[in-house]
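Below is one structure, written out as structure tokens; comments come after it.
Only this structure's heavy atoms are used, side chains among them; waters, hydrogens and symmetry mates stay out. Convention: sequence-line order gives letters A, B, ...; per-chain numbering from 1.
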2 protein chains.
Amino acid sequence: MQNNCMIDSKLKVLQMVAQHGTVTAAAEALHYTPSAVSYRVRQLAEELGVELLAPSGRGVALTAAARVVLRHAEVLYAEAERTYAELAATVDEPTGLFTLCGFSTAASRLLPPAASDLRERFPRITLRVIEAEPVRCFDLLLSGDADLALVTNTADTPPASDERFDQKPLLDDPLDLVVPEGHRLTRLSEVDLADAADEPWIVGSPGTTYHHLVMNACMTAGFTPNIAHHADEWETGTALVAHGFGIILVPKLARLQDWPVVRLPLSGDAAPVRRVLAATRKGGRDHPLVTAALERISSSSTLPVVRDEA
Amino acid sequence: MQNNCMIDSKLKVLQMVAQHGTVTAAAEALHYTPSAVSYRVRQLAEELGVELLAPSGRGVALTAAARVVLRHAEVLYAEAERTYAELAATVDEPTGLFTLCGFSTAASRLLPPAASDLRERFPRITLRVIEAEPVRCFDLLLSGDADLALVTNTADTPPASDERFDQKPLLDDPLDLVVPEGHRLTRLSEVDLADAADEPWIVGSPGTTYHHLVMNACMTAGFTPNIAHHADEWETGTALVAHGFGIILVPKLARLQDWPVVRLPLSGDAAPVRRVLAATRKGGRDHPLVTAALERISSSSTLPVVRDEA
DNA sequence: GGAACCATGCAGAATAATTGCATGATCGAC
DNA sequence: GTCGATCATGCAATTATTCTGCATGGTTCC
């Protein structure tokens, strides 16, 4: 996808200062130096005839005028994205760089086939895949370093109402229960999450998305899990399970190493899922490369596709 | 008012090429050289990854992609204008240059008092008034050389649907009949346009707005005028009237030199008017300086104000 | 066929943006 | 309090970008 021509880059600088809170952090995100950022914001402020930044502590704070500008900037960027999308749709052979990003599992299981498919259908596009946490995915979208992101919702993730992004539910990734081989639950024909209420649990570190996900799932199923261990990677968790330290929940999308464990699909209404969202910059959802990528991901996935119109 | 920051100036260049048809004319309007315009358009095209201009005869023609870009550019500019307006409304003391323009009569009768009033209310604003034909007024708005224009509708004027402009009816300027002193019509207590059906008429040159205006008025009143002479300036027309060559219609707003003529207000339903419109760039209508200027013009005018919401 | 007009490319000039450091100011820790 | 860390900004030098002036090649009109 092309970079932001159309909108003056000074606005992007201001937006980055707003996003990252400090001039220095904005500079880092833009691959600039702090003094360049400072200079450009000052310049924008002069051209607009208003103050945009005010010193606050050792950093800066946005003025009311800056917030006005940023609110309108969202509209501008969305319109620019729609333009790029429309142009790409009218051109026979889109050209340029298209970057997909997504959290670990998505990056390993969903993005490579989609990218490969796109490369075949649009040979003149250079494709790039970045594995990044959801929060960083949104940063990548905003800075133009990525064009489509697969994310899950976390507490740090922008809300759906954020006018800078489009977030569309893409598919639901159900969670499987992983138990050691020969575990009592493997003898049941159908396993419900509540069946595992008395087991020792292995969850993510407090505060992580995975921790919340498991906790919420258990609460919904009607019990508070007995937390025996913490593990933040599937590999670690699976190893603990294999050695009989407890059980874990893993998304279907996640591939596990070869351990003596059994993956049990969960049934019942409370069967927990991890919802995968497709995020773009506002206005970029209809870009032909975006729709092609999402189509491919939806159609090739064995997971339930969310047919919701966000 | 501030110049166009926010939107990349390359878009303005493309818009100017579209508006003026040739690279050379666009360059002139932007105070650039043709090669600079050519360079910038090429650059925009490269950044967007599309062709924007194609050679056509000895000039250039816009591609479909260029038209797509321009359609979106209209939205961008409108949003930028709304931003400027909102910023100016939040700032206690607007600063900068504010330019009013209008056709001759408006420039001499309506703009000076409005400008004077603005200068008093906004001392830090530099005011500028430009007298220009309606068509050029729109060019001035587009190029940012003017911020508010008083125009009348002509055949060359952009239609109300043009998304680059806001055109709001401001006031109706009724046309008076000008006859020599002692003319038979001066003895009537009320004069209808139809009463002048048999007089020799002095109108503008064919094709001018004034010509159309008079012709339409007469047609509406139910007669085809007997055109004896053509005069494009009030001064000339009045002189001809004074010497008994015929009669003319002049807008109430127009001041006439001291000739032995009588101005007769017209009554009746068919009483012709010249509608004065206030034009701004799209989105600029709510700028505090614009609203202040229009308020002043409306309130100080003895002419019927159009209370229409355009 | 020639003159006028138009767009574009290129080298050099003018302009603008960016860096690298130095300064001053604030905050937290000890 | 004082020191070190963090942050923003200003300035001079460097670097990148943009613009001009002219030359070229194509097109139209007379």
Heavy-atom side-chain proximity of B:L11 to B:V69 below 4.5 angstrom: yes
Given atom CD of B:Q43 and atom C1' of D:dA16, what is their separation to the nearest angstrom? 12 Å
I want to confirm an ordering. Mapping A:K10 and A:S56 to their closest nucleotides on DNA chain C, which one lands closer to the 5' end? A:K10
Per-helix bend value, the helix from C:dG1-D:dC30 to C:dC30-D:dG1, C1' rotation axes over five pairs per end, 10° rounding, shows 30°
Distance only, no hydrogens: is a donor on one side chain within 3.5 Å (strictly under) of an acceptor on the other, for B:Q15 and B:R164? no
Residues in contact with DNA chain D, drawn from residues 27-40 of chain A - heavy-atom cutoff 4.0 Å: A:P34, A:S35, A:S38
Between B:D147 and B:R281, is there a salt bridge with N-O shorter than 4.0 Å? yes
Under a 4.0 Å threshold between the charged nitrogen and the carboxylate oxygen, would A:R82 count as salt-bridged to A:E79? yes
Ring-plane angle category for A:F165 and A:F138, please: parallel below 30°, perpendicular beyond 60°, tilted otherwise. perpendicular
How many angstroms lie between SG in B:C5 and NZ in A:K10, if you round to the nearest 0.5 Å? 6.5 Å
Stretch residues 11-23 of chain A: residues that reach within less than 4.0 Å of DNA chain C through a heavy atom: none
Could you tell me whether a side-chain N or O of B:K12 sits under 3.5 Å from a main-chain N or O of B:L142, the two making a donor and an acceptor? yes
Do the side chain of A:H211 and the main chain of A:G204 share a donor and acceptor less than 3.5 angstrom apart? yes
Rounded off to whole Å, could you give me the CZ-to-C1' distance for the A:R58 and D:dC7 pair? 7 Å
For the CG atom of A:D139 and the CG atom of A:D145, what is their distance to the nearest 0.5 Å? 9.5 Å
Using chain A heavy atoms and a threshold of under 4.0 Å, write down where along DNA chain C the contacts begin and end, 5' to 3'. C:dA17 to C:dC27
Can you list, pair by pair, the side-chain donor-acceptor contacts under 3.5 Å of residues 56-64 of chain A, counting residues two or more places apart and other chains?
| residue | atom | partner | partner atom | Å |
| --- | --- | --- | --- | --- |
| A:T63 | OG1 | A:E51 | O | 2.8 |
| A:T63 | OG1 | A:L52 | O | 3.1 |
| A:T63 | OG1 | A:A65 | N | 3.4 |
| A:T63 | OG1 | A:A66 | N | 3.1 |

Any Lys/Arg nitrogen of A:E163 or A:R71 sitting under 4.0 Å from an Asp/Glu carboxylate oxygen of the other? no
Can you sort out the partners of B:Y210 under ring pair (Phe, Tyr, Trp, His ring centres under 6.0 Å), two or more places apart, ordered by chain and number? B:W234
Lys/Arg-Asp/Glu bridge criterion (N-O < 4.0 Å) met for A:E81, A:R285: no
